[in-house]
Amino acid sequence: MTLQVYNSYSRQKEVFEPITPGLVGMYVCGPTVSGESHLGHARPYITFDVVYRYLQHLGYKVRYVRNITDAGHFEEEGREAVDKISTKAVLEKLEPMELVTKYTNLFRWAMKQFNNLEPSIEPTATGHIVEQIEMIKTIMTEGYAYEANGSVYFDVKKYAANYPYGKLSGRVMDDMLETTRDLDGQEEKRNKADFALWKAAPPNHIMRWASPWGEGFPGWHIECSAMSSKYLGSEFDIHGGGMDLQFPHHESEIAQSTICHHGKLMARYWLHNNMITINGKKMGKSYNNVIKLTELFSGNHPMLEKAYHPMTIRFAILQTQYRSTFDFSNEALQAAERGLKRLWEAYEALGKLMEPETAQPAADAELDGRVRKLMAEFDAFMNDDFNTAKVLANMFELVPIINGLKDKHVPMSDLGPGTLGLLQQKMALWLETIFGLKMATEADNALFGGVMELLIGLRKEARSKKDFATSDRIRNGLGALGIQLKDEKDGGVSWGV
RNA sequence: GGUACCGUGGCCGAGUGAUUAGGCAGAGCUCUGCAAAAGCUCGUACAGCGGUUUGAAUCCGCUCGGUACCUCCA
């Protein structure tokens with residue numbers, strides 16, 4: 001059973017084989033920190049966090065590089081070249097670096113809320129200007145870039161004559177060149193399809209660095225080529241990012257890196273997550289339909305009926321295969337919230353179950369077999385291009401069995417020796433280690449737990465005296481505080497927030 | 001306009017030739033002082049029209065509808 005991934009480059013599922021056995025290099029395009037992260041950003045970083053975790057689970061030593069884009073891009077190519085970050089900085093009267101730091105910190109905070117592991121390296125574009133300039137120089141030396149008025153452009157037409165430009169994004173070069181004719185304001189470029197490697201900075205531009213071509217700033221795509229090869233080598237295993245980055249960003253990265261590394265394809269496997277949509281439309285600044293992560297967590301947005309816990313979002317994203325769109329709605333998130341609660345409560349109950357002392361063959365061999373099969377399929381589903389949705393579906397099939405064991409509808413003896421232990425181990429592994437789900441509970445707090453024990457004891461006493469007025473007062477009072485008491489079948493009481 | 005992709009029960013979503021996906025919501029029942037939770041049972045869906053096939057949500061064609069990329073974008 002081997003891992004298969006859908007490679008956007010070949011448009012098919014392929015067996016995953018790292019270039020160096022045992023080691024995996026993975027580069028994922030990070031955020032542009034010129035503004036606050038929104039729900040759309042949650043998808044790639046949760047998706048690739050699970051990929052990262054799963055690869056490690058498979059025993060690979062993974063170097064996970066995710067950049068922070070903190071140097072400006074062009075607002076709208078074809079019009080005036082505007083550095084996105086410097087424009088915003090003027091509006092907010094902030095230093096560019098101050099702005100970038102603010103949003104970088106906010107981004108990292110959000111990643112922590114989602115319980116995403118930190119990447120091995122999180123390089124910034126501004127920290128790698130030297131490497132980018134070096135790379136541009138190499139491309140010029142190789143004859144695939146030209147200078148015009150202090151800017152440097154990549155010669156796409158020349159590149160396309162020798163290499164398959166457009167293969168990743170399924171673009172036909174001739175079509176792209178044809179649109180050249182009726183385009184204006186692009187005098188500097190030889191062809192419309194050319195893209196900037198270096199942009200001369202206009203006088204009022206705040207972010208600027210000295211270069212062989214004068215003061216300016218790097219083009220959008222060069223940072224990822226420079227940083228990925230610096231930390232992962234000229235050929236590495238996985239390159240990930242959102243589907244919207246396929247063109248032009250990833251296509252251009254490939255072109256730059258191919259020239260610098262003499263024809264080597266920079267990454268073997270190109271993984272692209274699909275978009276999060278809202279009312280069927282991609283969430284994005286240009287659509288004016290973004291929900292920022294801070295708004296999502298606080299519920300402070302006209303479109304939101306309530307606040308959503310980061311784990312609810314993580315769970316909802318994992319319930320969808322990463323290559324499908326996920327259509328956001330309050331209903332969808334609330335469904336995820338309840339589903340996660342049920343799953344997690346079963347998981348916690350599972351941890352408290354004990355296997356019988358004496359090992360006996362399964363009294364219900366069919367059930368025992370089903371439990372084992374459902375668990376075994378976790379790996380198979382995940383190996384099929386990270387189908388987290390199917391793994392979760394299987395977990396939900398285990399929930400009634402676990403709850404049955406807890407309530408003693410299902411006698412423990414129905415399961416064969418070792419099955420319960422395996423189930424406990426597998427659920428912990430998958431839910432927490434691989435899927436990265438984590439539920440902070442007040443039960444972890446010893447002091448609070450003690451207080452709860454006391455209240456539950458008092459209520460129990462009242463109930464035994466049929467003093468339901470008091471028992472209901474305790475339960476309702478706690479309920480008003482958001483703590484729910486549940487009377488269990490065996491006379492015990494459980495509670496949750 | 002070009003290039004891809006998608007259209008699954010009230011909602012979200014798996015699924016690429018024959019299986020009940022799964023979740024949420026809804027209905028009934030059981031347990032229970034009541035409640036909540038839990039358990040059991042219930043929906044036979046796959047845009048439309050043709051075709052291929054013993055058999056199609058799944059393959060092919062057409063129609064309709066939608067989305068994404070072609071410009072910054074996760």
Side-chain angles (χ1 to χ4, degrees), chain A residues 11 28-32 34-35 37-48 69 72-79 82 84 166 169-172 174-176 178-179 192-193 220 240-249 251 272-277 280-287 290 315-316 319-321 323-343 345-346 349 381 387-397 399-404 406-410 463 466-468 471-472 475-476 479 484-489 494-496:
Chain A
R11 286 155 201 276
V28 174
C29 287
T32 302
S34 60
S37 306
H38 62 259
L39 176 58
H41 292 103
R43 175 91 111 136
Y45 307 125
I46 289 172
T47 297
F48 288 105
T69 298
H73 290 167
F74 316 123
E75 192 74 63
E76 271 194 30
E77 212 167 7
R79 293 196 203 164
V82 177
K84 209 196 263 180
S169 53
R171 234 139 280 251
V172 181
D174 292 339
D175 295 349
M176 302 185 60
E178 268 178 35
T179 44
K192 194 260 174 183
W220 174 33
M243 257 179 191
D244 51 351
L245 296 180
Q246 260 183 33
F247 191 89
H249 187 54
E251 201 71 69
H272 290 101
N273 63 277
N274 214 135
M275 301 292 99
I276 288 183
T277 58
K281 277 251 193 299
K282 174 186 166 183
M283 190 174 288
K285 275 176 210 155
S286 31
Y287 298 101
V290 296
F315 180 76
Q319 262 193 316
T320 310
Q321 214 276 341
R323 285 193 294 117
S324 301
T325 53
F326 169 60
D327 199 37
F328 166 86
S329 66
N330 281 285
E331 215 174 351
L333 280 195
Q334 279 165 35
E337 185 176 81
R338 291 184 187 150
L340 174 59
K341 185 163 186 274
R342 192 162 85 93
L343 179 62
E345 283 176 0
F381 292 152
N387 200 329
T388 53
K390 290 196 84 169
V391 175
L392 287 173
N394 270 26
M395 287 185 180
F396 274 109
E397 292 203 49
V399 165
I401 300 170
I402 293 168
N403 285 330
K406 184 188 79 172
D407 293 344
K408 314 216 163 39
H409 293 146
V410 181
R463 285 183 73 204
K466 300 233 185 289
D467 178 7
F468 296 123
S471 76
D472 285 353
R475 188 175 64 197
N476 294 339
Q484 190 183 45
L485 290 189
K486 288 180 265 187
D487 296 328
E488 303 290 338
K489 296 273 187 280
S494 70
W495 59 276

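Reminder, nothing fancy here: chain letters follow the sequence lines and each chain counts from 1.
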Original post:
Could you give the CZ-to-P distance, from A/Arg323 to B/A14, as a whole number of Å?
Top reply: 11 Å
**OP:** Check each of A/Asn387, A/Leu340, A/Leu343 against A/Leu392 using the side-chain contact (heavy atoms from CB on, under 4.5 Å) test, and report the only one that passes.
**Re:** A/Leu343
**OP:** Please state whether the base of B/C34 and the side chain of A/Arg475 form at least one donor-acceptor pair under 3.5 Å?
**Re:** yes
Subject >> Same-atom distance (P) from B/U19 to B/G51, integer angstrom >> reply: 22 Å
**OP:** Considering only NZ, NE, NH1 and NH2 on the basic side and carboxylate oxygens on the acidic side, decide whether A/Glu345 and A/Lys486 come within less than 4.0 Å.
**Re:** yes
Original post:
Looking only at N and O atoms, is any donor in the side chain of A/Asn394 or the base of B/G22 less than 3.5 Å from an acceptor on the other one?
Top reply: no
Subject >> C1' atoms of B/U16 and B/G23, separation to the nearest Å >> reply: 23 Å
Original post:
Which part of the nucleic acid does A/Gly170 contact within heavy-atom distance under 4.0 Å: base, sugar-phosphate only, or nothing?
Top reply: sugar-phosphate
Original post:
Reckon A/Asp472 touches a base, only the sugar-phosphate, or nothing at all at heavy-atom distances under 4.0 Å?
Top reply: base
Original post:
Are A/Glu337 and A/Lys341 close enough for a salt bridge, meaning some N to O gap below 4.0 Å?
Top reply: no
**OP:** Remember a base hit wins even if backbone is also touched, and classify A/Phe326 as base, sugar-phosphate or nothing at under 4.0 Å, heavy atoms.
**Re:** sugar-phosphate
**OP:** Determine which nucleotide pairs with B/G1, using a 3.5 Å limit on both distances of a Watson-Crick or G-U wobble pair.
**Re:** B/C70
Original post:
What do you reckon, do A/Phe468 and the base of B/G33 stack, with centroid distance below 5.5 Å and planes below 30°?
Top reply: yes
**OP:** Using a heavy-atom cut-off of under 4.0 Å over every strand shown, decide if A/Thr325 touches base, sugar-phosphate, or nothing.
**Re:** sugar-phosphate
Original post:
Under 30°, 30 to 60°, or over 60°: which ring-plane class applies to A/His41 and A/His38, parallel, tilted or perpendicular?
Top reply: tilted
Original post:
B/A27 and B/A4: how far apart are their P atoms, nearest whole angstrom?
Top reply: 48 Å
Original post:
Quantified in whole Å, what is the P atom distance between nucleotide B/A47 and nucleotide B/A56?
Top reply: 15 Å
Subject >> d(CD, A/Glu397; P, B/U19) in whole Å >> reply: 16 Å
Original post:
Checking only heavy atoms, does the side chain of A/Asp487 share a donor-acceptor pair with the base of B/A35 at less than 3.5 Å?
Top reply: yes
Original post:
For A/Gln321 and A/Asn273, take the nucleotide of RNA chain B holding the closest heavy atom to each; which residue's nucleotide lies nearer the 5' end?
Top reply: A/Gln321
Subject >> Base B/A37 paired with A/Arg342 side chain (donor-acceptor, <3.5 Å) >> reply: no
**OP:** Flag the pair A/Asp487 / A/Arg475 as yes when at least one side-chain heavy-atom distance between them is below 4.5 Å, and no otherwise.
**Re:** yes
Original post:
Is any side-chain N or O of A/Ser324 closer than 4.0 Å to OP1 or OP2 of B/A14?
Top reply: yes
Original post:
If you measure from the P atom in B/U8 to the same atom in B/A57, how many Å do you get, rounded?
Top reply: 15 Å
Subject >> Whichever of A/Ala336 and A/Asp327 has its nearest RNA chain B nucleotide further upstream toward 5' >> reply: A/Asp327
Subject >> Rounded distance in Å between the P positions of B/C46 and B/C31 >> reply: 39 Å
**OP:** Considering only atom C1', compute the distance from B/C34 to B/G7 and round it to an integer number of Å.
**Re:** 47 Å
Subject >> Same-atom distance (C1') from B/G65 to B/G26, integer angstrom >> reply: 29 Å
